[in-house]
2 protein chains.
Amino acid sequence: MRLSQLGELGLLAELERRGLILGVEHDAAQLGDGLVVTQDVLVEGIHFRLDWLTWRELGFRAAAVNLSDLAASGATPEALLVTFAAPASTSLADAIALYEGIAETGVAVVGGDTSSAADVVVGVTAVGRAERVPGRAGARPDDLLVVTGPLGAAGAAFRRGEYARPPLRLDEGRRLARHAHAMLDLSDGLAVDAAHLARRSDVRCVVDLDAVPLTGGATLDDLGFGEDFELLAAVEDADGFPVVGRVEDGEGVMLLHAGAPYDLHGYEHFSPVAQR
Amino acid sequence: MRLSQLGELGLLAELERRGLILGVEHDAAQLGDGLVVTQDVLVEGIHFRLDWLTWRELGFRAAAVNLSDLAASGATPEALLVTFAAPASTSLADAIALYEGIAETGVAVVGGDTSSAADVVVGVTAVGRAERVPGRAGARPDDLLVVTGPLGAAGAAFRRGEYARPPLRLDEGRRLARHAHAMLDLSDGLAVDAAHLARRSDVRCVVDLDAVPLTGGATLDDLGFGEDFELLAAVEDADGFPVVGRVEDGEGVMLLHAGAPYDLHGYEHFSPVAQR
């Protein structure tokens, strides 16, 4: 069995079944005392190309995708650790631009590692503290599904050969974390992420695509691209956030468009078909 | 200016001078409440080759080099986060062997990330707690320099085309951390690591190479290879650990062999000369 056949979620499930990893149901790991830690890596040629974004944008993005996991945990960031691997021919100016992009998030880099490598790899660990982490397993039938902002920006930008800067939803995350039954960030695409929530909570998510706020220029199919880094939460009270669906008894995700089921594909890391 | 001209330490110094990173004087970042966090990455073709170690050894090593930084901080590990990037053609059995190697350290993997990538990249973040972190800046004239075990194993094994499994010195690290004025782990080579300690503490380290315990088969030049992952500490009381030198007023490192100065080279990540 190859990872390409198994997929990222299949690999994680195999590792969890064997007791080799724990707690993959959450965006970030909880370590007691409210401590929340998350780690994501961006690999050149897989997650980004340097003709598609600048070094500064790469730095901001590498930090932001991790801060998005803290946001989904309702956490306040305390520090970042950054691993930066790049060819030895990389210029100091580019390396500095990368770290300046990270600094734009306002969270200090307190450690990490550097190395030479054939391709650029930026790995970030974000450490934060949360009073209450909703997790993914608590959604209940009759909950409302809300999002923290318009979706489709990343997919629409990719179609145009442009780059969309991810948002930071830390304030929104803390606000929702006080009462949300479940919450996660939209990194893999609306359908895939809603399926994570449905599976972990043992419920069905019904999403009304016509109620999803879209970024200007985005179409429904851009929702399958993912990487929007808005938050999706299951709540009793929408608290002013746009309602995009509801939770039901059952399993899986039902996407509705004009009252009929609709199919959205999402991102799968080890699948050659979906790689971009 | 290219990173190859500047070197890893030069890059870190430039980033620190600009306020883009903090606290690189320590093996691990301290985040309050005794929390200690460290992150190191292993990149295929730079830090390892898969014809040189097994997947299981790679997993153990990726965790151990981070736990070594916790050991140098006198910390007790609480959790690991693991980022694993590999070609989609990688087998599930190899991926499982990697995580089994990590599990051999006895520290739980509570999160992380997986991705496809052209080369295998294993990034680990280790989180622990310490009562007292000696750091690198407190060594004083007349301190003794001690190590936690024999050195040269990694260099000697490399010469023979073999692989040396790194030790875990967590108990020794906690014991030394109670009283050491400064401590770090020997990852870059005895001369380079002693120079880190000398520079941060504003002292000179005088190392008597003839007093350094060597692994069977190792020669003095293997000490320059680094990657032994024993601890080096500046202490008033050797507490039973082998004494390899002393701290003096001054700067830099003086290595003595048969009473005369001796030159040892160490590892430099972005220098093409030293890459292996």
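Basis for what follows: all heavy atoms, side chains included, without hydrogens, waters or symmetry-related copies. Given the structure is predicted, the values throughout are model-derived calculations rather than measurements. In what follows, every chain begins at residue 1, and chains take the letters A, B, ... in the order their sequences are listed.
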Side-chain heavy-atom pair B:V43, A:V121 within 4.5 angstrom cut-off: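 No, every pair of side-chain atoms sits at 4.5 Å or beyond.
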Min side-chain heavy-atom separation B:L12-A:T114 under 4.5 Å: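 Yes, their side chains come closer than 4.5 Å.
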Value rounded to 0.5 Å, distance of CD in B:E8 from OG in A:S116: 9.0 Å
Atom pair CZ/CD1 of A:F84 and B:I21 - distance to nearest 0.5 Å: 11.5 Å
Heavy-atom pair with the smallest gap, counting every atom of A:I46 and B:S115: CG2-OG, 3.6 Å
Where B:L3 and A:P87 come nearest, the two heavy atoms and their spacing: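 Nearest heavy atoms, B:L3 then A:P87: CD1-O, 4.5 Å.
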Please state whether the side chain, the backbone, both or neither of [X] comes within less than 4.5 Å of a heavy atom of chain A.
X      : result
B:L80  : neither
B:V82  : backbone
B:L15  : side chain
B:V107 : neither

A:D113 (side chain) donor-acceptor with B:V41 (main chain) under 3.5 angstrom: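 Between the backbone of B:V41 and the side chain of A:D113 there is a qualifying donor-acceptor contact (under 3.5 Å).
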Residues that B:E104 engages under side chain to side chain contact (heavy atoms under 4.5 Å, CB included), provided they are two or more places apart: B:R56, B:F60, B:R165
Derivation of the side-chain contact (heavy atoms from CB on, under 4.5 Å) call for B:V109 and A:L22: CA-CA 6 Å; B:V109 176; A:L22 305 172; over 6 Å; no
Residues in salt bridge (Lys or Arg N to Asp or Glu O under 4.0 Å) contact with B:R18, at least two apart in sequence or another chain: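 With sequence neighbours excluded, B:R18 shows a salt bridge (Lys or Arg N to Asp or Glu O under 4.0 Å) to B:E14, given in chain and number order.
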Part of residues 90-102 of chain B lying next to chain A, heavy-atom separation under 4.5 Å: B:T90, B:S91, B:L92, B:A95, B:I96, B:Y99, B:E100
Step-by-step side-chain contact (heavy atoms from CB on, under 4.5 Å) determination, A:L31 to B:V110: CA-CA 9 Å; A:L31 295 181; B:V110 300; 4.0 Å; yes
CA sep, side-chain torsions, deciding dist, call: A:R129, B:D33, side-chain contact (heavy atoms from CB on, under 4.5 Å): CA-CA 12 Å; A:R129 301 218 189 234; B:D33 298 345; 3.4 Å; yes
Sequence neighbours excluded - salt bridge (charged side-chain N to carboxylate O under 4.0 Å, His left out) pairs with any residue from residues 38-50 of chain A: A:R49-A:D51
